[in-house]
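Below is one structure, written out as structure tokens, with a few remarks after it.
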Protein chains: 2
Amino acid sequence: MTVRQQPAKEHRRTRQRAAVDEVLDETEDFISAQELHSLLRARGAGVGLATVYRTLQTLADDGRVDVLRSDAGEAVYRRCVREEHHHHLVCRSCGATVEIAGPTVERWAKSVADQHGYADVSHTLEIFGTCPRCRA
Amino acid sequence: MTVRQQPAKEHRRTRQRAAVDEVLDETEDFISAQELHSLLRARGAGVGLATVYRTLQTLADDGRVDVLRSDAGEAVYRRCVREEHHHHLVCRSCGATVEIAGPTVERWAKSVADQHGYADVSHTLEIFGTCPRCRA
DNA sequence: TCAAGACTGACAACCATTGTCAAAACGTCT
DNA sequence: AGACGTTTTGACAATGGTTGTCAGTCTTGA
């Protein structure tokens, strides 16, 4: 995931945001805005697609959800469990995700950037593979 | 970038492919299909947009160009300099790119995946920052 | 309770990317 | 050179995720 830390502004509590929050809480793995929208519709709590996008974007800006791009370039979201920066090990087939902390990598990235004079550094790191269950 | 190694099939030599190749050779940094298409048009050697996409895809499949997704989710391409797997340090502002080899990271990613029973592992790692020139 | 302003939703607009398919270009074989 | 089977091209339509619009609705603080 991409590193980012921003102040969290205040937002109004609405039925729609609560609904999105709820789904995120119940969802272990990364989910796209479209999927989230379908889920909401399926469970009766219909929320406009645009609203879903806006809500996710807001959450992402506040650092309350992780965002990453699937191989297809689609943005997928997930409630951020750890506060600190971390990465993901994602199953290519079922999407099962493991959060990974990699202090080594953090330091390495930082030092590489420094060596080349790059400032204000952030990085993206995701590992993809096939999980044990999908291999059975 | 994403790890991948495939056999390189034969393709016909055409004016369009040559033109794309030429631009790639002259371009240091990552470029999007759309930009490449504009460049070609600008220099007179017009090539259909669909053809640009197809050509880039073919090159990517053959491992002759690197592909990665910009923050905006747009696919960007670049002639692959090193043969082996590597990563990139990309300037967030001007796109200037440095290729990075990170054996440490490779091993780390592999071991993490192993620990969790994930097989057929690949990974993505890009570092973003502001290059010295853009900071001046 | 009220007013100000944030939020929502239906829909249009965007835009990168892919599909389609007839016409043109290649490479090869004579 | 000429013919022929294939591959490639390009103009255009179609797709699909994402964002913009804007009038109507809901929250919140006073």
Side-chain angles (χ1 to χ4, degrees), chain A residues 2 7-24 27 29-62 64-78 95, chain B residues 2 7-24 27 29-62 64-78 95:
Chain A
T2 300
K9 241 184 50 181
E10 261 317 295
H11 297 296
R12 293 188 174 170
R13 270 64 64 61
T14 66
R15 173 181 73 75
Q16 293 83 346
R17 302 227 236 253
V20 169
D21 257 28
E22 192 179 342
V23 172
L24 285 174
T27 307
D29 304 323
F30 282 94
I31 186 175
S32 71
Q34 306 275 347
E35 289 170 327
L36 185 26
H37 176 246
S38 298
L39 273 182
L40 287 170
R41 168 173 298 186
R43 70 170 58 182
V47 173
L49 181 56
T51 301
V52 171
Y53 273 103
R54 276 184 301 237
T55 303
L56 288 173
Q57 198 142 50
T58 302
L59 288 172
D61 285 347
D62 291 353
R64 285 199 269 264
V65 296
D66 288 340
V67 193
L68 62 84
R69 300 244 166 213
S70 68
D71 279 359
E74 194 181 11
V76 286
Y77 306 82
R78 182 183 194 232
Chain B
T2 300
K9 243 185 48 184
E10 261 317 295
H11 299 294
R12 289 189 177 170
R13 274 62 66 62
T14 67
R15 173 182 72 76
Q16 292 85 344
R17 302 227 238 252
V20 169
D21 257 27
E22 192 180 342
V23 172
L24 286 174
T27 307
D29 304 322
F30 283 94
I31 187 175
S32 71
Q34 305 277 347
E35 289 171 327
L36 184 28
H37 176 245
S38 298
L39 273 182
L40 287 170
R41 168 172 299 186
R43 69 170 60 181
V47 174
L49 182 55
T51 302
V52 172
Y53 273 102
R54 275 183 301 237
T55 304
L56 287 173
Q57 197 143 52
T58 302
L59 287 172
D61 286 347
D62 292 353
R64 284 199 268 264
V65 296
D66 287 342
V67 194
L68 61 85
R69 299 242 166 214
S70 69
D71 280 357
E74 196 181 10
V76 287
Y77 307 81
R78 181 184 195 233

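Since the model is a prediction, treat every value here as computed from it, not as a measurement. Chain naming here is simple, since letters A, B, ... match the order of the sequence lines and numbering starts at 1 in each.
At a cut-off of 3.5 Å, with distance as the only test, no side-chain donor of B/Tyr77 or B/Gln57 sits close to an acceptor on the other residue. Inspection of the B/Thr51 and B/Arg54 side chains reveals an N or O donor paired with an N or O acceptor under 3.5 Å.
Smallest separation of non-hydrogen atoms from B/Val67 and B/Ala60: CG2-CB, 3.5 Å. For A/Thr27 against A/Val23, the heavy-atom pair with the smallest separation is OG1-O, 2.7 Å. For the residue pair B/Glu35 and B/Phe30, the shortest heavy atom distance occurs at OE1-O, 4.5 Å. Smallest separation of non-hydrogen atoms from B/Val65 and B/Leu56: CG2-O, 4.0 Å. Taking both residues in full, the closest heavy atoms of A/Ala33 and A/Val52 are given as O-CG1, 3.7 Å, listed atom of the first, atom of the second, then distance.
Each of A/Thr55 and B/Leu49 was matched to the nucleotide of DNA chain C holding its nearest heavy atom; the match closer to the 5' end belongs to A/Thr55. Nearest-nucleotide positions on DNA chain C for A/Gly48 and B/Thr14 put A/Gly48 closer to the 5' end. Checking B/Arg12 against B/Val52, the closest nucleotide of DNA chain D that is more toward the 5' end is the one next to B/Arg12.
Direction of the helix axis in the helix from C/dT1-D/dA30 to C/dT30-D/dA1 shifts by 40° between the two five-pair termini, rounded to 10°.
First and last contacts of DNA chain D with chain B, using any nucleotide atom under 4.0 Å from a protein heavy atom and ordered 5' to 3', fall at D/dG5 to D/dA11. Think of the region where chain B sits on DNA chain C: with heavy atoms and a 4.0 Å cut, that region ends 5' and 3' at C/dA16 to C/dG27.
At distances below 3.5 Å, at least one donor-acceptor pair connects side-chain atoms of A/Arg17 with backbone N or O atoms of A/Arg12. In this structure, A/His37 contributes its side chain and A/Gly48 its backbone to no donor-acceptor pair below 3.5 Å.
Nucleic acid contact class of B/Gln57 (heavy atoms, under 4.0 Å, all strands): sugar-phosphate only. Within 4.0 Å of B/Arg54, counting heavy atoms only, lies at least one base atom of the nucleic acid. Across all strands shown, B/Gln16 has heavy atoms under 4.0 Å from sugar-phosphate atoms exclusively, and none from any base. Looking at heavy-atom distances under 4.0 Å, A/Thr51 makes contact with a base.
Considering CG of B/Leu36 and CG of B/Leu49, their distance stands at 9.5 Å, rounded to 0.5 Å.
Looking at A/Glu74 and B/Arg69, no side-chain N of the basic residue comes within less than 4.0 Å of a carboxylate O on the acidic one, giving no salt bridge.
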